[in-house]
Amino acid sequence: MSKVISFIQPSRNNLKYLQWSYNSIRKNLGYRHEICWADDFSDDGTWFWMKEIAEKDKNVKIHRNEGPTRLGHTILYDTLVDMASNDIVMIYHADMYACPNMDVEVLKHLERGKVVSATRIEPPLHPDGPEKILVDFGIEPEEFKEQELLNFVNAGAGAQTWEGIPEDKTTEGIFAPWAIYKDDFQKIGGHDPLYAPQSKEDSDIFNRFQLAGYETIQTWSGYVYHMTCRGSRFKDGAMRNPAGQVFMKGRESSEWLAQNLRSTRNFIRKWGHMVKHDKYLKPIVPPKYKVYFKAYNCNLELLRELEPWCDKIFLDSGAIGKYVHQYKLEEQPNTQFDLDERTWMYGNSKITDKDAIIVEFDCNKLTPDNFQIIVNLSEIIQESGELGEMELDIFKFYINSLETYEKNLVVCKTN
């Protein structure tokens, strides 16, 4: 039996893009693939349309979050994967147009233990990069230049610009849309709800694919046109300036900005570093050490900056009395990490944990330049490669252990 896909598409108040995307799947890929939709408490008619389509198209499954709280695609992706009838699922955005043969080219490479991405053709809303193709075929369904896109794809989709692309037309990056065997996805616990409703859940699971030993493949012979960011990211209004250019900067909604900040801080808490990848978006995962900060002369503002970058931070009694309680009240609603377990006084016996690396410094001497040592701490410790004491700029290191914990993060036990 030939392989078939269950397309996984959560949606919230982006009905016209979902309709556009659905039509492309059925027009260009046929009716053999299943489409699984989740309506995240939309108020734009999405649910009524989904029910209408599901009555006509028997290869569509639908689910609704009745609200009033938004769940986000971090949660709803996994809900739909559980619902999917097929062995293969594809994480697929509601603003993606499936080009002809995209499914064939992806499935050509897909086996258990592999994750396969199609290549995105996008308008220039984001900076260019070697992992995608930037050509403007429209940023709204009403202006979509479908035939021009299809001509472009039939002509090789700009193959003359593929510097460094191997002869087999694959690279090792990963980005939506990506396909995986359902049991491989569930084996590592799916997406981490730490990042709900959205942002960084993809980078987190890509790290975990990498650590689990899954091979990531991007095919440059299968394409989607991706209008990008048609969820909560942009403010209301056009994304094209009067000169006809399209761009993203300064257009993000306050909702998206706030959630992106929360998710970024939680990613750092979990992994000990920012998102890292090569130029084709293959994940780079530095070691995760147990790191404790002993921070002198800390204040509330610096505690906000420092706390995500360590497993525990030790402060003097004055700091504990003055502002740590306030910080916990403000920050605890933004994270599943227990901040009571992350903030301590100097004298606590936990600071002598034998498997921890203690980093001692005076906060009065922190600058934007030497803060980069904290940002790159995993690589610095890895490069040192030795137990004992070490000094670097304002920081004194007590390296009691070089044991790493990144493998413990592969399986999302929350799910």
Side-chain angles (χ1 to χ4, degrees), residues 192-196 199-200 204 258-274 286-368 370-378 380-381 389-390 392-401 403-406 408-409 412-414:
D192 192 338
L194 174 67
Y195 306 101
S199 192
K200 300 298 181 290
D204 178 272
Q259 176 56 35
N260 187 56
L261 177 61
R262 284 192 290 271
S263 288
T264 298
R265 290 171 66 81
N266 280 320
F267 187 94
I268 294 167
R269 286 185 181 103
K270 181 174 179 177
W271 292 98
H273 57 81
M274 300 283 281
K288 174 72 172 81
Y289 299 99
K290 184 184 287 188
V291 174
Y292 294 173
F293 287 169
K294 189 172 183 181
Y296 301 108
N297 298 310
C298 193
N299 57 36
L300 179 57
E301 181 181 353
L302 286 172
L303 178 58
R304 289 193 186 102
E305 295 295 324
L306 292 167
E307 177 269 320
W309 291 97
C310 60
D311 295 281
K312 299 183 190 298
I313 185 166
F314 293 83
L315 307 164
D316 61 38
S317 58
I320 297 291
K322 285 180 183 177
Y323 54 78
V324 170
H325 180 65
Q326 178 185 344
Y327 175 70
K328 290 177 182 177
L329 285 177
E330 294 174 359
E331 187 68 9
Q332 191 61 73
N334 296 322
T335 184
Q336 296 174 10
F337 286 85
D338 185 352
L339 297 183
D340 285 337
E341 288 295 315
R342 294 175 64 82
T343 49
W344 300 87
M345 285 179 55
Y346 292 151
N348 191 281
S349 61
K350 288 182 179 292
I351 202 169
T352 60
D353 285 356
K354 292 181 180 179
D355 58 346
I357 295 169
I358 315 299
V359 183
E360 184 179 292
F361 56 95
D362 184 345
C363 293
N364 286 335
K365 297 179 181 178
L366 275 173
T367 67
N370 60 34
F371 195 87
Q372 293 306 303
I373 293 174
I374 290 175
V375 171
N376 296 299
L377 207 53
S378 295
I380 290 169
I381 294 168
E389 297 182 12
M390 178 178 79
L392 183 60
D393 203 286
I394 68 167
F395 303 97
K396 189 165 187 178
F397 294 76
Y398 300 88
I399 303 175
N400 301 314
S401 170
E403 185 176 356
T404 66
Y405 298 88
E406 65 276 4
N408 296 353
L409 304 178
C412 178
K413 298 182 174 66
T414 310

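The model shown is predicted, which means the values in this text are computed figures rather than measured ones.
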I'd like to know if the side chain of Arg265 and the backbone of Pro308 have a donor-acceptor N/O pair within less than 3.5 Å. no

From CA spacing to verdict: salt bridge (Lys or Arg N to Asp or Glu O under 4.0 Å), Asp192, Lys270: CA-CA 11 Å; Asp192 192 338; Lys270 181 174 179 177; 2.7 Å; yes

Applying side-chain contact (heavy atoms from CB on, under 4.5 Å), name anything that partners Asn334, two or more places apart in sequence or on another chain. Arg262, Glu331

Roughly how far apart are Leu302 CG and Leu366 CG, rounded to 0.5 Å? 6.0 Å

Could you note down all residue pairs passing salt bridge (charged side-chain N to carboxylate O under 4.0 Å, His left out) where residues 292-306 supplies at least one of them, sequence neighbours left out? Arg304-Glu330

Heavy-atom side-chain proximity of Lys396 to Ile358 below 4.5 angstrom: no

Measure the CG-NZ distance between Leu194 and Lys200 for me, rounded to the nearest 0.5 Å. 12.0 Å

Can you confirm whether Lys365 sits close enough to Asn297 that some side-chain heavy atom of one is under 4.5 Å from a side-chain heavy atom of the other? no

Only counting residues at least two apart or in another chain, list the ones meeting side-chain contact (heavy atoms from CB on, under 4.5 Å) with Asp340. Lys328, Asp338

Please report the shortest heavy-atom distance between Ser378 and Pro286, naming the atom on each side. CB-CB, 3.9 Å

Please list, chain by chain and in numerical order, all residues satisfying salt bridge (charged side-chain N to carboxylate O under 4.0 Å, His left out) with Asp316, sequence neighbours excluded. none

Apply side chain to side chain contact (heavy atoms under 4.5 Å, CB included) to residues Ile380 and Phe395 and explain how you reach the verdict. CA-CA 12 Å; Ile380 290 169; Phe395 303 97; over 6 Å; no

Ile394 vs Asp362, side chain to side chain contact (heavy atoms under 4.5 Å, CB included): CA-CA, chis, key distance, verdict: CA-CA 7 Å; Ile394 68 167; Asp362 184 345; 5.9 Å; no

Side chain to side chain contact (heavy atoms under 4.5 Å, CB included) between His273 and Leu377, intermediate numbers included: CA-CA 8 Å; His273 57 81; Leu377 207 53; over 6 Å; no

When the ring planes of Phe314 and Tyr292 are compared, do they come out parallel, tilted or perpendicular, using 30° and 60° as the limits? tilted

Measure from the side-chain N and O atoms of Tyr327 to the backbone N and O of Leu300, and report whether any donor-acceptor pair falls under 3.5 Å. no

Non-hydrogen atoms of Gln259 and Ala196 that approach each other most closely: NE2-O, 3.4 Å

With salt bridge (Lys or Arg N to Asp or Glu O under 4.0 Å) as the test, would you mind laying out the steps for Lys290 and Glu403 before giving the verdict? CA-CA 8 Å; Lys290 184 184 287 188; Glu403 185 176 356; over 6 Å; no

Test item: Leu306 and Phe371 side chains (from C-beta on) under 4.5 Å apart, heavy atoms: yes

Between Phe267 and Tyr195, how do the two ring planes meet: parallel, tilted or perpendicular, split at 30° and 60°? tilted

Under 3.5 Å, is there a donor-acceptor pair between the side chain of Gln332 and the main chain of Leu339? yes

Please report the closest heavy-atom contact between Ile374 and Phe293, naming both atoms and the distance. CG2-CZ, 4.0 Å

Rounded to the nearest 0.5 angstrom, the CD1-CD1 distance for Ile357 and Ile399 is 5.5 Å

Partners of Lys322 by salt bridge (charged side-chain N to carboxylate O under 4.0 Å, His left out), sequence neighbours excluded? none

Passing candidate, side chain to side chain contact (heavy atoms under 4.5 Å, CB included) with Asp311, options Lys288, Glu341, Arg269: Lys288

Does any part of the side chain of Asp355, heavy atoms only, come nearer than 4.5 Å to the side chain of Tyr405, both counted from C-beta? yes

With the side chain counted from C-beta on, respond yes when Met274 and Ile268 share a heavy-atom pair under 4.5 Å apart, and no when they do not. yes

So, does Asn400 use its side chain to make a donor-acceptor pair with the main chain of Ala356 at under 3.5 Å? yes

Test side chain to side chain contact (heavy atoms under 4.5 Å, CB included) on Cys310 and Val359; report intermediate values, then the result. CA-CA 9 Å; Cys310 60; Val359 183; over 6 Å; no

List the residues meeting side-chain contact (heavy atoms from CB on, under 4.5 Å) with Gln372, not counting sequence neighbours, and say none if there are none. Val375, Asn376

Does some side-chain heavy atom of Leu315 sit less than 4.5 Å from a side-chain heavy atom of Trp344? no

How close do Leu303 and Cys298 get, counting heavy atoms only, and between which atoms? N-SG, 3.6 Å

